[in-house]
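The block underneath contains the structure these notes are about, expressed in structure tokens.
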Amino acid sequence: MNAHVRTNRVIIEARNLTKSYSVGAHTVAALGGVTLSIESGEFVAIMGASGSGKSTLMNLIGTLDRPSGGELLIGGQEVSRLGDDDLAGVRNRLIGFVFQHFNLLPRTSALEQVTLPLRYRRVRAKEADDRARARLAQVGLADRADHQPQQLSGGQQQRVAIARALACDPLLVLADEPTGALDSRTSSEIMGLLVDLNAQGVTIVLVTHDAEVAAYAKRRITMRDGAIVEDRFAARRHPETSHAGH
């Protein structure tokens, strides 16, 4: 159980977020004043076509970029005006990332991949090893701890990436198109795993262009032209909800 989910509090709060980019002599507005809040324990899908603003919003929530205007609070801390070092600290303490192409280190075992963020936190080696093994077991890879990426299937590599994202007990897991590099069957397994993790209390914010992937989330936010055009809660959970052992 994720220790952050017991208070049912707002962990992401965006207030009139804007983001503009300069393209030559022109200014392009990628976000046009987005306001939303996300509570601990939620499973939220942010969806939209290319150019809708969903990736820009994800980068802001992940503190990988700064807004041009507005406010962004993560865990009650205003982060939009922090310096680079402080933002790196926020990412390390509060956010676990899952990427489309896994971002695993070559020639590095699954166990070492998952212990890496714990080592950055200066967790002692024995504790880091124990915590990493527990996270690998949580995603169904207890018997793959010594395997390197080239020895794992795409779905198994993404499970390692999810275990790594969970290693430091983050406030939320931010997943960017986590099934984009996987076939449909493996995609279903990974999404089923995320549903299972959310049921255990992990807060998940998922960015996707795929409506079938978004259907696994409890709440779906649709973006278009840099604005939220729909924000609704699912009537029921997707029927495929348990794949953690695959």
Do [X] and [Y] have side-chain N/O donor and acceptor atoms under 3.5 Å apart?
X	Y	result
Thr186	Glu189	no
Gln151	Gln156	no
Asn198	Tyr216	no
Glu78	Ser80	yes

Pairwise side-chain contact, [X] with [Y], heavy-atom cut-off 4.5 Å (strictly under):
X	Y	answer
Glu212	Met191	no
Leu73	Val10	no
Ile38	Leu36	yes
Pro117	Arg164	yes
Val79	Leu82	yes
Arg131	Val123	yes
Pro149	Gln113	yes
Val98	Asp176	no

Check the pair Leu206 / Val44 against side chain to side chain contact (heavy atoms under 4.5 Å, CB included), numbers first and verdict last. CA-CA 6 Å; Leu206 165 76; Val44 182; over 6 Å; no

How many angstroms lie between atom [atom1] of [X] and atom [atom2] of [Y], to the nearest 0.5 angstrom?
X	Y	atom1	atom2	value
Leu197	Leu193	CG	CG	4.5 Å
Ile204	Leu174	CD1	CG	11.0 Å
Ser55	Asp65	OG	CG	11.5 Å
Asp231	Ile221	CG	CD1	4.5 Å
Gln100	Leu182	CD	CG	8.5 Å
Ile12	Thr203	CD1	OG1	9.0 Å

Below 4.0 angstrom, N of the basic side chain to O of the carboxylate: do Asp84 and Arg66 qualify? yes

Between Arg135 and Asp169, does at least one N-O distance fall below 4.0 Å, as a salt bridge requires? yes

State which residue, out of Lys218, Arg9, Arg219, fulfils the salt bridge (Lys or Arg N to Asp or Glu O under 4.0 Å) condition with Glu42. Arg219

Give the intermediate values and the outcome of side chain to side chain contact (heavy atoms under 4.5 Å, CB included) for residues Leu194 and Phe43. CA-CA 9 Å; Leu194 292 178; Phe43 187 168; 4.2 Å; yes

Using a 3.5 Å distance criterion without hydrogens, assess whether the side chain of [X] forms a donor-acceptor pair with backbone atoms of [Y].
X	Y	answer
Glu177	His209	yes
Lys54	Gly48	yes
Arg220	Ala234	no
Thr208	Val213	no
Glu39	Ile11	no
Gln158	Gly155	no
Arg144	Leu152	no

Hey, mind stepping through Thr222 and Ile228 against side chain to side chain contact (heavy atoms under 4.5 Å, CB included) and telling me if it holds? CA-CA 6 Å; Thr222 304; Ile228 292 174; over 6 Å; no

Could you report the tightest heavy-atom contact between [X] and [Y], atom names first, then the distance?
X	Y	answer
Arg93	Arg121	CA-NH1, 3.9 Å
Ala30	Thr56	CB-OG1, 3.7 Å
Val139	Ala163	CG2-CB, 4.0 Å
Ala165	Pro170	O-CG, 3.3 Å
Gly226	Val34	O-CG2, 3.7 Å
Thr115	Ala132	CG2-CB, 3.4 Å

Check whether [X] and [Y] end up in the same hydrophobic cluster, where Ile, Leu, Val, Met, Phe, Trp and Tyr are linked by side-chain heavy atoms less than 4.5 Å apart.
X	Y	value
Met47	Ile190	no
Leu72	Ile46	yes
Leu57	Tyr21	no
Leu116	Leu111	no
Leu171	Val90	yes

Got more than 12 heavy atoms from elsewhere within 6.0 Å of [atom1], [X]?
X	atom1	result
Arg81	CZ	yes
Tyr120	OH	no
Asp85	CG	no
Asp225	CG	no

For Val28, the rest of its hydrophobic cluster, which grows through side-chain links under 4.5 angstrom: Val23

After noting the C-alpha distance and the side-chain angles of Thr35 and Leu17, does the key distance pass the side chain to side chain contact (heavy atoms under 4.5 Å, CB included) rule? CA-CA 7 Å; Thr35 296; Leu17 280 188; over 6 Å; no

